[in-house]
Amino acid sequence: GRHLIRQMLLFLNSRIFDRWFVRQLWPLGLPRREYDVVHCQDFLGVRIARSIAQMTGGAFGVTLHDFLPRQIGANIPNRFLRPVLGEICRRRDQSLLPDYRAATWIAGVSQVLAESASRFLGPSAPVVHAVYNAYAPAFASSEATVSRDPAREVRFLFVGRLSPEKGIDLLMEAFRRYPGRAALRIVGLDGVLRRMVESGVRADARIQLLPAVRYEEMARYYLEHDVVCCPAMWEEPFGLTTLEARASQRVVIGSRRGAIPEILEGYARSVLVDTRNRSRTGVVEDLACALVSAPALIGAAIPALAEAAFLQRFSPRVFSDS
């Protein structure tokens, strides 16, 4: 119930709420100032940001962090509520079309997301640019750190929400089939599958759920593992874990969904699994095969110059300039 209420608060806003919010700005003096640009970083703030831009005379820009229409259904495990909330959100997204079309510019965090937004907004939409999220330089790894003692276990890592769209339940089921010496460590954010994950950890000593990790410490966690697993079951808008794993030169198991193939383009240490329109059994079998084949890619040759050129598009400097 707590997760459902959170979803409703985050995603089911309305015109009434937007008007109330803008009225609260007047005592602060915000709408009476002049701005060159009003930049909206949140999907649900687009109507509010447009209102402020109209009142202050500023240009109106939007950054998209998710596909249009939104994928709220992927976060709802209840199969009865999922289509209902999905339809409500679809209608809400349609109601926001005039606000998006009024933007001076729109930036999507990946090329596939930008193309999707252009299709959704139609021919009257503003130009949608691809402005990739940046990764912290601390995640860059040297080739010398990529090795594994054959006598030790293969170390797999999952980083992300403990939710159905991240595929953690399928990954754990596939890992239980792994035939060799291995460990799966999970750095999980809160999610609706936490209890299921905790139960799976108790049932398999090879699986470990780690406590919360500060972001500044995450680079070390990547380097301590051989394979990073990103088995997304939705259209991943960007995939920061995938990017950080590639920058750390880890082997990456990813889904052929959303922006993940875009981030892993040309990467020799990656395995892509199809998860779209597949049965649960089929996805688990493919993930199990990917887990078995991934260790062979540890230390696979990476052309240094080409890799540096590819990762440059995700640098903080390119992000800020864009």
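- Leu305 and Val318 fall into different hydrophobic clusters, defined by Ile, Leu, Val, Met, Phe, Trp and Tyr side-chain heavy atoms under 4.5 Å apart, directly or through other members.
- Checking side-chain atoms of Ser163 against main-chain N and O of Lys166 turns up no donor-acceptor pair under 3.5 Å.
- Using modelled atom types, no side-chain atom of Thr104 and backbone atom of Gly61 make a donor-acceptor pair closer than 3.5 Å.
- Of all non-hydrogen atoms in Ala117 and Val128, the two that sit nearest each other are CB-CG1, 4.3 Å.
- No continuous path of hydrophobic side-chain contacts links Ile168 to Leu189 [ILVMFWY only; heavy atoms under 4.5 Å].
- Looking at heavy atoms from C-beta onward, Phe156 lies out of side-chain contact with Leu171 at the 4.5 angstrom threshold.
- Between Ser270 and Leu264, the closest heavy-atom pair is CB-CD1, 4.0 Å.
- Separating the OH atom in Tyr135 from the CG atom in Leu311 is a distance of 4.5 Å, to the nearest 0.5 Å.
- Side-chain contact check for Arg269 versus Gln249: some heavy-atom pair is nearer than 4.5 Å.
- Salt bridge status for Arg47 with Asp18: present, with a side-chain N to carboxylate O gap under 4.0 Å.
- Under the 4.5 Å side-chain heavy-atom criterion for Ile, Leu, Val, Met, Phe, Trp and Tyr, Val292 and Leu170 are members of the same hydrophobic cluster.
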Practice problem: Evaluate the criterion side chain to side chain contact (heavy atoms under 4.5 Å, CB included) for residue pair Asp204 and Met172; output intermediate values, then yes/no. | Solution: CA-CA 10 Å; Asp204 190 337; Met172 291 177 66; over 6 Å; no
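- Distance check: Glu87 CD to Arg91 CZ gives 4.5 Å after rounding to the nearest 0.5 Å.
- Taking CG of Leu162 as the reference point, atom CD1 of Ile186 lies at 7.0 Å (rounded to 0.5 Å).
- Side-chain contact between Leu121 and Ile106 is present, with heavy atoms from C-beta onward closer than 4.5 Å.
- In this structure, His39 and Trp105 have tilted ring planes: the angle between them lies in the 30° to 60° band.
- Residues Val131 and Thr63 form no side-chain contact, since every pair of their non-hydrogen atoms from C-beta on lies 4.5 Å or further apart.
- Atom OH in Tyr100 sits 7.5 Å away from atom CG in Asp93 (nearest 0.5 Å).
- Looking at heavy atoms from C-beta onward, Leu223 lies in side-chain contact with Arg250 at the 4.5 angstrom threshold.
- Contact of the Pro98 side chain with the Arg101 side chain is not registered, since no non-hydrogen atoms from C-beta on lie closer than 4.5 Å.
- The heavy-atom pair separating Cys40 from Phe60 by the smallest distance is CB-CE1, 4.4 Å.
- Contact between Leu157 and Tyr221 at its shortest, heavy atoms only, is CD2-O, 4.0 Å.
- Among pairs with a residue in residues 235-273, none fulfils ring-ring contact (aromatic ring centres under 6.0 Å, His included), at least two apart in sequence or across chains.
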Exercise. Would you sort out whether Arg202 and Ser199 count as a side chain to side chain contact (heavy atoms under 4.5 Å, CB included), showing the intermediate values?
Key: CA-CA 5 Å; Arg202 289 191 294 268; Ser199 176; 3.8 Å; yes
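- In this structure, the side-chain contact (heavy atoms from CB on, under 4.5 Å) partners of Arg177, at least two apart in sequence or on a different chain, are Glu173, Val284, Glu285, Ala288.
- No path of Ile, Leu, Val, Met, Phe, Trp and Tyr side chains, each step under 4.5 Å between heavy atoms, connects Val127 with Leu97, placing them in separate hydrophobic clusters.
- Between Gly254 and Ile260, the shortest heavy-atom distance links the atoms CA-CG2, 4.1 Å.
- Looking at heavy atoms from C-beta onward, Gln24 lies out of side-chain contact with Phe21 at the 4.5 angstrom threshold.
- Partners of Arg256 by salt bridge (Lys or Arg N to Asp or Glu O under 4.0 Å), not counting sequence neighbours, listed by chain and number: Asp274.
- To the nearest 0.5 Å, the span separating OG on Ser255 from CD on Glu165 amounts to 11.5 Å.
- Here salt bridge (Lys or Arg N to Asp or Glu O under 4.0 Å) pairs that include residues 308-318, with residues two or more places apart or in two chains, are Arg317-Asp321.
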Tell me which donor-acceptor pairs under 3.5 Å the side chains of residues 206-217 have, and how far apart each pair is, sequence neighbours excluded?
residue : atom : partner : partner atom : Å
Arg206  : NH1  : Tyr178  : O            : 3.3
Arg206  : NH1  : Gly180  : O            : 3.3
Arg206  : NH2  : Phe175  : O            : 3.1
Gln208  : OE1  : Arg185  : NE           : 3.3
Arg214  : NE   : Glu216  : OE1          : 3.1
Arg214  : NH2  : Glu216  : OE1          : 2.5
Tyr215  : OH   : Glu244  : OE2          : 2.5

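- We find the OG1-CD distance between Thr275 and Glu236 to be 10.5 Å, quoted to the nearest 0.5 Å.
- Heavy-atom minimum distance, Cys229 versus Leu291: SG-CD2, 4.0 Å.
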Exercise. For side chain to side chain contact (heavy atoms under 4.5 Å, CB included), just list the numbers for Arg152 and Asp226, CA-CA rounded to whole Å, side-chain angles, deciding distance to a tenth of an Å, and then say yes or no.
Key: CA-CA 11 Å; Arg152 100 168 146 71; Asp226 306 302; 3.0 Å; yes
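- In the hydrophobic clustering of ILVMFWY residues, with side-chain heavy atoms under 4.5 Å counting as a link, Phe319 and Ile263 come out apart.
- Applying the ring-ring contact (aromatic ring centres under 6.0 Å, His included) definition to pairs two or more places apart or across chains, those involving residues 291-314 are Tyr132-Phe314, Phe310-Phe314.
- Between Glu262 and Leu113, every side-chain heavy-atom pair lies at or beyond the 4.5 Å cut-off.
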